[in-house]
Each structure stands twice: as structure tokens, then as C-alpha cells.
Amino acid sequence: MTLNLFEREHQRIDALLHAHLLDVVGGDFKGARRRLARWRQALNGHIQIEQTRLLPHVPAGARWDARVYQLEHDRIALLADEYAARVQAAAARPPQGRQARRQAVLDLLDAAHSLRHLLEHHHQREEMALAHELPAVLQAAAWAAG
């Protein structure tokens, strides 16, 4: 089975978030902050491509209107900002002591859960509908230019 272009792009972004979460689990809050910034940059680029090059071409009668994807992008950005603030706080003042560090790790993992859940559902929506409703040539050009 070959991946559609949306799946490929989502896997690339998910791998960056995964690397960030491994830093969190390891209690490396400064590394987690750096990796989160890389993930966010990739996410912003991904959303920009979708917003400007793909969503304007959602056909009439598509399973979901372009506005659904745009609203989800807004929600993802909001949750990403809230989560980044928590990571920033942990990196700025690393918890002292084993128990405090473990609690901070757990708190960040809990905070990441809502964001990851939303991303998973958003990606599924795009992969099962949008990837099949937009012309393959348009998708290839959009992702190649990004």
C-alpha cells in the first residue's frame, strides 16, 4: 500500500512531535522546547500549504466543506500555543528533585493528549476525504512547492 500525500506529510509532522515527546519523557525540557519549536514550524508550514494551495479547491459536494478544515486548523494552533507555553515554563524553570521532575513529565504528557487527539482526528478526516477529493496533480504541486 502506498501512502497518499496527506499521509506522508502527516507522518513527517507526527515524527517531529514524537521526538519532542521522547525528550519530555526523558525529562529533557530544554530539548523538548527546541524540538517542539521545530515541530511547530513544520506544522505551520503544513497548515499554510493546506490553507492557501489546497482548501481553496475543495469541490462542491465534498464530504466536508473547507471551513471545517480551517476551523480545525485554528483549534490545533490554539492548543499548540497553550501546550508550548507549558513546555516553555518547564524549560525555563526545570523542576528540582526526582518527584517534581516526574510530575512535570506527567503534566506535559497529559497536556499533549488533547492536542494529539485533535491532530489524529484531523489527519484522519483529511486522509479519508480531502486526499481523495482533490486532484492528485494539485496535491503533488502543493506539497512539492512547500
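For reference, positions follow the sequence shown, starting with 1. Being a predicted model, the structure only gives us computed values, none of them experimental.
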If you define the side chain from C-beta out and look only at heavy atoms, does anything of [X] sit under 4.5 Å from [Y]?
| X | Y | answer |
| --- | --- | --- |
| Leu119 | His123 | yes |
| Trp143 | Arg53 | no |
| Ile47 | Tyr69 | no |
| Asp14 | His18 | no |
| Leu43 | Leu16 | no |

Shortest non-hydrogen contact between [X] and [Y], atoms and distance:
| X | Y | value |
| --- | --- | --- |
| Val24 | Val105 | O-CG2, 3.2 Å |
| Ala131 | Asn4 | CB-ND2, 3.5 Å |
| Ile76 | Leu115 | O-CD1, 3.9 Å |
| Ser114 | Leu79 | O-CD1, 4.0 Å |
| Leu134 | Pro59 | CD2-CD, 4.2 Å |
| Ala32 | Val87 | C-CG1, 4.1 Å |

Do the side chains of [X] and [Y] join up, straight or via other hydrophobic residues, at under 4.5 Å, putting them in one cluster?
| X | Y | result |
| --- | --- | --- |
| Leu118 | Trp64 | no |
| Leu22 | Leu108 | no |
| Leu17 | Phe6 | no |
| Leu130 | Leu138 | yes |
| Leu71 | Leu55 | no |

Whether over 12 other heavy atoms sit under 6.0 Å from [X] [atom1]:
| X | atom1 | result |
| --- | --- | --- |
| Gln41 | CD | no |
| His113 | NE2 | no |
| Arg116 | CZ | no |
| His132 | NE2 | yes |

Ring centres under 6.0 Å, that's the criterion: do His20 and Tyr83 meet it?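 Here the rings of Tyr83 and His20 have centres that are less than 6.0 Å from each other.
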Would you please indicate if the ring centroids of His46 and Trp39 are separated by under 6.0 Å?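 Ring-ring flag for His46/Trp39: false, centres at least 6.0 Å apart.
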Results of side-chain hydrogen bond (donor to acceptor under 3.5 Å, both in side chains) for Gln124 - residues two or more places apart only: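 For Gln124, no residue satisfies side-chain hydrogen bond (donor to acceptor under 3.5 Å, both in side chains) once neighbours in sequence are set aside.
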For Asp107, which residues count as a side-chain hydrogen bond (donor to acceptor under 3.5 Å, both in side chains) partner, sequence neighbours excluded?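 Scan of Asp107 (side-chain hydrogen bond (donor to acceptor under 3.5 Å, both in side chains), adjacent residues dropped) gives Gln103.
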Classify the side-chain pair His122/His10 by whether it contains a donor and acceptor separated by less than 3.5 Å.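 Their side chains do not contain a donor-acceptor pair, so the 3.5 Å distance test is not met.
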Between Glu133, Glu72, Glu120, which is the residue that forms a salt bridge (charged side-chain N to carboxylate O under 4.0 Å, His left out) with Arg125?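 Single salt bridge (charged side-chain N to carboxylate O under 4.0 Å, His left out) partner of Arg125 among Glu133, Glu72, Glu120: Glu72.
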Which pairs count as salt bridge (charged side-chain N to carboxylate O under 4.0 Å, His left out) when at least one residue sits in residues 32-45, sequence neighbours excluded?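 Of all non-adjacent pairs touching residues 32-45, those that pass salt bridge (charged side-chain N to carboxylate O under 4.0 Å, His left out) are Asp23-Arg35, Arg40-Asp81.
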Atom CD1 of Ile13 and atom CG of Asn44: how far apart are they, to the nearest 0.5 Å?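 Result: 9.5 Å between the selected atoms.
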Value rounded to 0.5 Å, distance of CD in Glu127 from CZ in Arg8: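 Nearest 0.5 Å value for the CD-CZ distance: 12.0 Å.
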Stepwise side chain to side chain contact (heavy atoms under 4.5 Å, CB included) check, Glu126 with Glu50: CA-CA 10 Å; Glu126 290 179 344; Glu50 289 181 357; 2.6 Å; yes
Is a side-chain N or O of Gln99 found less than 3.5 angstrom from the main chain of Gly97, in a donor-acceptor match?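 Not at all, since once roles are kept as given, no pair shorter than 3.5 Å links the two residues.
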Can any side-chain N or O of Asp65 pair as donor or acceptor with the backbone N or O of Val68 at less than 3.5 Å?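 Checking the backbone N and O of Val68 against the side chain of Asp65, no donor-acceptor pair under 3.5 Å is found.
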